[in-house]
Amino acid sequence: MNTLNLVLCAVAAASLDICALVLILTAYQERNTGKKRWNRMTSFMELADYSVSYPLDCDEILIGRHASADIRLPDLSVSRYHAIMTVSNGVWTITDIGSKSGIFVNGNLIKTIQLRENDVIKLGNRRLVFRRKGVN
Amino acid sequence: MSNKMTYVFSALFVLIAHIGMLLNIFFNGNYSGVGSVIILSAAVIFLDVVYFMAMLFFKQNTYAIDFLLILLLNMSVIFQSCFGGVRLSVKHYITCIVALASCRVGYILCRNHKWLQQQKKYFYIGIGILMIVILTLTGSRSMWISLGPITIQPSEFMKPLFVLACATSIAEQQNKHKILKFHVVYENFALFGLMAMIFLLQWWCRDLGSLPTFVAIYACGFLLRICYPKAKFSKNKLIAAGAVLLVVAIIGIKFAPSYVQDRLHVDIWSDQSGGGYQQSQALIGIANGGWFGKGPGHGYLHNIFAHDNDIVFATISEEWGLLYALMMVFVILIIVMIPLINPPRSYFHATMATGICASFAVQMALNIFGSCNMIPFTGVTIPFISSGGSSLMVSGLMAGMLIACQSPVFVQTKKPKKKKSVQPVNYPQQQYIPRRESY
């Protein structure tokens with residue numbers, strides 16, 4: 001193989017390399033815009049504990065004591081699989097999935113309810129505030 | 001499009017990558033007249049530009065997979081057009097256009113998982129119909145249907161349906177039914193039954209090559225049940241399931257049919273003209289190609305049977321070099337990595353994406369490792385690269401499903417009644433009286 005052919009092969013491979021790199025960067029860029037879009041879609045809400053805030057990154061959020069829960073509350077008063085939060089059209093709903101101690105929203109025992117900003121959710125002994133992101 | 005400049009650059013670099021390949025063919029390729037190179041170049045660039053323009057009509061959250069798809073498909077058009085001399089492979093070109101169209105279909109059908117969830121019975125019915133078609137229309141224990149010049153492999157179409165069946169059943173994990181003392185989920189049994197039927201069908205048709213792909217899809221669906229709310233799948237059960245799988249695999253290998261045993265124990269170098277012909281030639285081809293290849297159209301492997309699908313990795317390595325073939329593998333792996341970079345926002349789409357990626361990765365591994373004699377030769381195709389209408393169409397459809405995972409629809413189709421409509425964030429602020437122990 002002469003030098004020209006070698007150079008051409010290397011150029012073709014390099015252009016594919018750069019293209020692959022650009023497409024990976026595109027995917028990362030889309031991840032950032034996807035996060036913003038998701039926040040808009042879910043009304044910029046989050047759950048907050050005393051010092052921790054839990055992002056709501058998925059359309060179904062499982063809350064419980066079990067290690068596989070999306071929001072893990074390591075407290076014996078909280079059931080392993082306590083509640084599930086779902087979002088539809090920007091509205092978040094919390095549903096009891098057979099917990100022992102139940103769910104109290106603003107002091108009322110509920111089975112399922114649509115959440116509003118600043119609702120206080122009590123799961124066992126743990127209290128969580130459903131609030132806008134960035135609000136302390 | 002919110003990332004306009006990024007997408008312009010992506011399109012530009014996809015074009016540059018293809019032009020780089022075409023320049024290589026022009027200066028380095030084996031062609032009789034320059035007209036064949038011009039026709040190939042025009043076809044490739046035309047498809048690029050048309051697809052970029054078509055993307056503008058589809059409002060998606062992400063487009064990275066679209067760019068990767070068109071990059072790969074046109075790469076495959078270029079590769080396939082160079083085997084045995086440069087001339088546009090019209091059949092493969094049309095198949096790629098069909099694959100792009102099926103990608104759009106996959107995207108449109110799979111973006112709303114709530115709607116898809118309601119259609120789950122059709123996936124089981126679809127798989128059942130395909131099984132009946134395979135048993136009745138493919139002739140004597142074969143997986144192919146011949147319709148004149150076209151041959152169709154119905155088992156390929158079972159893959160996306162099986163992925164969808166796995167994904168739809170994940171939401172049913174909460175619907176447990178008590179039978180005696182056991183809490184069971186009917187869908188899990190249905191899925192297991194489906195997997196067993198696919199296995200028996202492939203055993204009957206003597207085509208166990210694509211079985212690992214189905215097993216990988218099923219394994220992903222099975223493992224993701226551990227992550228699903230209330231699945232309550234303990235580590236002990238997982239270890240037991242793994243042990244059972246291992247024992248079944250060992251027994252399966254031990255008592256496999258004679259044609260599988262032959263492939264498991266063939267020594268390709270001592271049987272170069274018999275059972276080891278394709279693999280030995282493929283390895284010689286890869287060695288001859290070296291890092292930078294012999295040049296497009298200068299290879300020998302196009303004389304070997306199934307050079308454009310079963311041993312396509314070796315054929316590309318010989319003509320374009322191992323470096324380029326590995327880059328091609330890397331580009332397919334980027335498609336598989338996209339759901340890791342930008343994770344899906346629902347369990348359904350996560351399961352679907354995992355199943356599709358497992359299918360792509362396993363198919364690619366079986367083909368490449370098989371043609372390199374690292375595992376028995378299976379004859380499975382590389383997604384997007386190998387020739388074959390059924391394979392390309394299904395790969396395109398599954399790529400569309402992957403795009404749907406990235407750009408899902410979370411809005412309910414039913415419009416809420418006006419009086420009872422709920423405004424998500426415009427509620428008047430509730431009077432929030434903090435308690436002592438609260439915030």
Side-chain angles (χ1 to χ4, degrees), chain A residues 1 4-6 8-31 33-34 36-38 41 43-45 48 50 57-60 62 64 66 68-70 80-81 84 87-92 97-98 106 114 116-120 127 129 132, chain B residues 2-3 6-7 9-10 13-14 16-17 19-21 23-24 27-28 61-64 67-68 71 75 174 226-227 229-232 292-295 320-321 323-324 327-328 330-331 334 337-338 341-343 345-347 406 408 410-412 416 422 424-425 427 429-430 432 435 437-439:
Chain A
M1 179 179 270
L4 177 68
N5 293 347
L6 201 72
L8 279 165
C9 284
V11 166
S15 60
L16 184 60
D17 281 351
I18 296 166
C19 180
L21 189 69
V22 167
L23 292 179
I24 291 172
L25 292 173
T26 305
Y28 272 101
Q29 178 82 15
E30 285 177 339
R31 184 173 76 162
T33 48
K36 288 176 191 168
R37 191 179 293 112
W38 176 254
M41 200 186 292
S43 313
F44 294 91
M45 302 311 281
Y50 284 104
D57 283 338
C58 188
D59 76 331
E60 281 182 10
L62 176 69
H66 198 269
S68 66
D70 297 310
R80 286 190 188 90
Y81 301 96
I84 194 158
V87 64
S88 183
N89 297 344
V91 181
W92 283 95
I97 49 171
N106 300 326
Q114 285 187 355
R116 299 177 180 189
E117 194 177 343
N118 290 331
D119 275 352
V120 180
R127 286 171 191 278
V129 177
R132 269 181 178 274
Chain B
S2 54
N3 299 316
T6 315
Y7 295 137
F9 273 103
S10 300
F13 277 98
V14 168
I16 289 171
I19 290 167
M21 289 178 79
L23 278 175
N24 191 10
F27 288 107
N28 212 4
N61 296 344
T62 63
Y63 291 88
F67 287 115
L68 286 162
L71 174 68
M75 272 171 72
Q174 297 208 48
I226 299 163
C227 311
K230 295 200 86 178
K232 290 188 180 176
F292 294 101
K294 292 166 83 175
W320 293 82
L323 184 71
Y324 211 87
M327 275 309 300
M328 173 200 78
F330 180 60
V331 173
I334 296 173
M337 284 191 314
I338 291 283
I341 296 172
N342 198 357
R345 300 283 183 183
S346 71
Y347 283 102
Q406 302 287 304
F410 285 110
V411 181
Q412 281 183 339
V422 180
V425 287
Y427 283 118
Q429 287 288 313
Q430 285 179 310
Y432 173 54
R435 298 178 188 182
E437 69 277 18
S438 67
Y439 313 90

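Letters A, B, ... mirror the listed sequences (proteins, then strands); counts begin at 1.
- For chain A, the nearby parts of Ile341(B) are the backbone and the side chain; heavy atoms of each come within less than 4.5 Å.
- Looking at Ile16(B), both its backbone and its side chain come within 4.5 Å of chain A, counting heavy atoms on both sides.
- With a 4.5 angstrom heavy-atom cutoff, Leu71(B) touches chain A only via side-chain atoms.
- Only the side chain of Trp38(A) comes within contact range of chain B, with at least one heavy atom under 4.5 Å from a heavy atom of that chain.
- Contact tally against chain A (heavy-atom pairs below 4.5 Å) for Thr62(B), Leu23(B), Val14(B): the top residue is Thr62(B).
- Remark: the backbone N or O of Gly64(A) is not paired with any side-chain donor or acceptor of Arg80(A) at under 3.5 angstrom.
- With a 4.5 Å cut-off on non-hydrogen atoms, Ala14(A) does not touch chain B at all.
- Ranking Pro408(B), Gly20(B), Ala17(B) against chain A, the residue ahead of the rest is Ala17(B), based on heavy-atom pairs under 4.5 Å.
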For this session: Apply side chain to side chain contact (heavy atoms under 4.5 Å, CB included) to the pair Leu16(A) and Val331(B), showing each step before the final yes or no.
Result: CA-CA 9 Å; Leu16(A) 184 60; Val331(B) 173; 4.2 Å; yes
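- In summary, the side chains of Gln29(A) and Tyr7(B) do not present any donor paired with an acceptor at a separation below 3.5 Å, with no hydrogens or angles considered.
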List, one per line, each side-chain donor-acceptor pair under 3.5 Å for residues 17-27 of chain A, sequence neighbours excluded.
unit_1	atom_1	unit_2	atom_2	d
Thr26(A)	OG1	Val22(A)	O	2.8
Thr26(A)	OG1	Ser10(B)	OG	2.8

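- The closest donor-acceptor contact from the side chain of Glu30(A) to the backbone of Asn61(B) lies at 3.5 Å or more, if one exists at all.
- The contact between Leu68(B) and chain A is made by backbone and side chain atoms together, counting heavy-atom distances below 4.5 Å.
- Taking CG of Leu8(A) as the start and CZ of Phe292(B) as the end, the distance is 11.5 Å to the nearest 0.5 Å.
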